[in-house]
Amino acid sequence: MSTAPETAPVPASEEAQDEVIALCAELIRFDTSNPTSDERASAEWVVARLAEAGIDSELIESAPGRASVIARIAGRDAGRGALLVHGHLDVVPADASEWQVPPFSGEIRDGYLWGRGAIDMKDTVAVMLAAARHFARTGTKPSRDLVLAFLADEEAGGKFGAHWLVEHRPELFAGVTEAIGEGGGFSFAIDDTRRLYPIENAQRGMAWMELTATGRAGHGSSPNDENAVTDLAESLTRIGRETFPIRLIEPVRALLEEAARLYGVEFDEDDIDGSLARLGPVADFMQVVLRNSANPTMFAAGYQTNVIPGKATARVDGRFLPGHEQELIDTIDRLLLPSVGREWVNHDIAMETTFDGPLVDAMCAAVRAEDPDGHPVPYCNPGGTDAKAFTHLGIRCFGFKGLKLPHDLDYGRLFHGVDERVPLEGLRFGVRVMTRLWQSC
C-alpha cells in the first residue's frame, strides 16, 4: 500500500482562526429549523464560500429546498482510501421568548457566539469551511483525499440528507473508507486542569415507535373496562418507569477505566455502582450510555370530554446499545397491555467500531498537540448522527469535532436547549485541531 510522504505540518493560519468565528455567525443567521424551514439558502452560501477559495462543489437537492453540498479535495496520496468529513446544515427549532438573545442573531457576547446551531452543529461546519479555505489559500494538501459533506435533514433522521445521498448518489462517496462527523471530540473536565476528549466509536440505535391502543368507544359518564386512553396511559407509565439493566459495552468500559486511572481510583466491573460512585461527574456524564432507554414523549386521544374514544396514540423514543436491540424490543412488548400495538416511526441501527488504526492515532495526536492536558478516550454517543447512513456504504465512522470547552460550561445541556452558545476560543481550537488532523490522518 502506498503512503503519503512525510511533510512538516502547516499550522492553521491566524486568518483561518479568525474567520471561523465570522463563518459560524453567518451560518447561525440562516434559520434552517427542521422541519419548518429548508437548507437551500445556507447551502448556496457554503458553495460560494468554497468557490471563493477555488474549491469546486456540487449542490444537490433531494426535494425542493432540501439541499446538501459535496466537495472533494485531492490529497497527497490518492492511493489511500478517502476520508469523509461531514456536518449538517439544519437545526432544531428555537422559541425566541425563552432565549437571552435572538436565537438566529449570531450574537457575540462574553467570549461566546450565541445562537441555534452554535454547537449542533454549525460550529463544526464553520471549522470545516475555515480549514478547507486555509488549505486552498496556502496550497496545503491533506494526507489523503477528503470528501466534505454539508448535509440536510440530520435532525429529522437524514431522509432528505445523508440517507438520500447514500441511496441515490453513492458515487459521491467512491473510495471513502472512513468518516468523521459530530458526536465526539469535545472536552469534558475531570478536574481543574485535565480534560477527557471522548471520541465517538459507537452509537446507540434508534427505535422511535408509535403506540396505538384500541378499545370500546362510549359515553364519558358510563363504566368502560375497554378504555383505550386508560390502557395506553398504563402502558406508557410502565415504559416510563422501567429501568433497563446496565450493559457495559467496550467503548463505555474503556472510557470509565481511563477516567478511574486519571482519578487514581479502582474500577471494578463487578461492583459497577461502587465504581461509578468514585468517578464523580464522569459517572453522571456516562449514565445515558450504560443501558437501553425508552421515554414516552407524545400522547393524543379523544375529541370531546364526554366521549370515551375508541383509539389513543402515543410516541416513544427508544434507544438501544450495540448488540442489545432485541432486549429493548422484548422489554417494550412485555410492558404493553394486550390492547396496545406498536409500529416503527424511525428505526435505525446501532454502531460500533474498534478504537484503533491510523485515523484514531491521528485524532488523538491532534488533540494532545493542542491540549497537552487532554486525554482522548473511546465513547458511545447516546443519540444518533448521519454516520448511521454512511455505515451502509461500508464506511468506518467516528465522531470528532475538536472542541475545547470552559470547565464551567454544561455542554450537554446546550444541545437542543435554550441559550446555545460556543466559546470563541473553542472555534479557534477546532480549526487548529482539524488542520493538524487533515495533514496527518
Side-chain angles (χ1 to χ4, degrees), residues 179-191 194-207 242-295 317-331 348-357 359-361 363-364 367 374-385 387-388 391 396-401 403 405 410-413 415:
I180 58 172
E182 66 177 324
F186 53 90
S187 68
F188 180 88
I190 59 173
D191 56 32
R194 299 179 298 173
R195 288 158 292 279
L196 295 176
Y197 281 86
I199 297 175
E200 177 203 298
N201 65 321
Q203 288 186 10
R204 293 201 300 176
M206 185 180 297
E242 179 73 8
T243 299
F244 288 83
I246 289 176
R247 304 296 186 201
L248 207 58
I249 65 171
E250 182 55 34
V252 175
R253 178 188 292 105
L255 188 152
L256 294 174
E257 288 176 345
E258 176 65 4
R261 186 189 70 80
L262 293 169
Y263 279 127
V265 300
E266 179 187 5
F267 181 79
D268 182 359
E269 186 176 338
D270 295 329
D271 180 21
I272 188 67
D273 290 332
S275 294
L276 291 171
R278 292 187 284 272
L279 295 179
V282 175
D284 294 336
F285 170 58
M286 295 300 289
Q287 283 291 339
V288 69
V289 290
L290 291 174
R291 47 173 60 90
N292 291 342
S293 65
N295 288 305
D317 182 341
R319 309 283 174 144
F320 54 90
L321 290 164
H324 297 283
E325 177 179 5
Q326 195 59 48
E327 178 182 60
L328 174 73
I329 294 171
D330 291 345
T331 301
D348 212 340
I349 59 171
M351 298 165 37
E352 184 175 359
T353 187
T354 54
F355 197 70
D356 56 16
L359 176 58
V360 169
D361 293 342
M363 289 188 288
C364 294
V367 165
H375 298 269
V377 287
Y379 176 59
C380 178
N381 186 344
T385 74
K388 292 184 186 298
T391 60
R396 190 179 181 212
C397 294
F398 296 89
F400 183 80
K401 65 193 309 183
L403 178 62
L405 300 160
D410 192 345
Y411 178 70
R413 291 186 180 275
F415 271 87

Visitor: Using side-chain heavy atoms (C-beta onward) and a distance below 4.5 Å, is I329 in contact with F320?
Guide: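 Side chain of I329 against side chain of F320, heavy atoms only: no contact under 4.5 Å found.
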Visitor: Using a 3.5 Å distance criterion without hydrogens, assess whether the side chain of N292 forms a donor-acceptor pair with backbone atoms of E327.
Guide: no
Visitor: Output, in order, the C-alpha distance, side-chain angles, deciding distance and verdict of side chain to side chain contact (heavy atoms under 4.5 Å, CB included) for L359 and I180.
Guide: CA-CA 10 Å; L359 176 58; I180 58 172; 4.2 Å; yes
Visitor: Between R291 and T243, is the side chain to side chain contact (heavy atoms under 4.5 Å, CB included) condition met? List the steps.
Guide: CA-CA 9 Å; R291 47 173 60 90; T243 299; 4.0 Å; yes
Visitor: Tell me, do L276 and L256 make a side-chain contact under 4.5 Å, heavy atoms counted?
Guide: yes
Visitor: Is there a donor-acceptor contact under 3.5 Å from the side chain of R278 to the main chain of A260?
Guide: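 No.
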Visitor: For the atom pair CE (M363) and CD1 (I199), what is the distance rounded to the nearest 0.5 Å?
Guide: 5.0 Å
Visitor: So does F267 get a backbone contact from the side chain of R261, meaning a donor-acceptor N/O pair under 3.5 Å?
Guide: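 Flag not set: sc R261 to bb F267 has no pair under 3.5 Å.
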Visitor: At what distance, to the nearest 0.5 angstrom, does CG of L279 lie from OH of Y263?
Guide: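 Going from the CG atom of L279 to the OH atom of Y263 covers 7.0 Å.
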Visitor: Please examine the side chains of E182 and K401, heavy atoms only from C-beta on, and report whether any two atoms are closer than 4.5 Å.
Guide: no
Visitor: Starting at CD of E269, measure out to CD1 of I246 and round the result to the nearest 0.5 Å.
Guide: 10.0 Å
Visitor: Given 3.5 Å as the limit, does a donor-acceptor pair link the side chain of N201 with the main chain of F398, or not?
Guide: no
Visitor: For a side chain to side chain contact (heavy atoms under 4.5 Å, CB included) with P322, tell me which candidate from Q203, E352, R247 qualifies.
Guide: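 Running side chain to side chain contact (heavy atoms under 4.5 Å, CB included) over Q203, E352, R247 with P322 returns exactly one hit, E352.
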Visitor: Hey, could you give me the CZ/CZ distance between F186 and R195, rounded to the nearest 0.5 Å?
Guide: 14.0 Å
Visitor: What distance do N381 atom CG and C397 atom SG have between them, rounded to the nearest 0.5 Å?
Guide: 12.0 Å
Visitor: To the nearest 0.5 Å, what is the distance between CG (L290) and CD1 (I249)?
Guide: 9.5 Å
Visitor: Before you tell me yes or no, could you show the steps for L255 and V289 under side chain to side chain contact (heavy atoms under 4.5 Å, CB included), namely the whole-Å CA-CA distance, both residues' side-chain angles and the distance that decides it to 0.1 Å?
Guide: CA-CA 11 Å; L255 188 152; V289 290; over 6 Å; no
Visitor: Using the side chain to side chain contact (heavy atoms under 4.5 Å, CB included) rule, take V288 and R319 through it: C-alpha gap first, then chi angles, then the decisive distance, then the call.
Guide: CA-CA 10 Å; V288 69; R319 309 283 174 144; over 6 Å; no
Visitor: Would you say the ring centers of Y379 and F285 fall short of 6.0 Å from each other?
Guide: yes
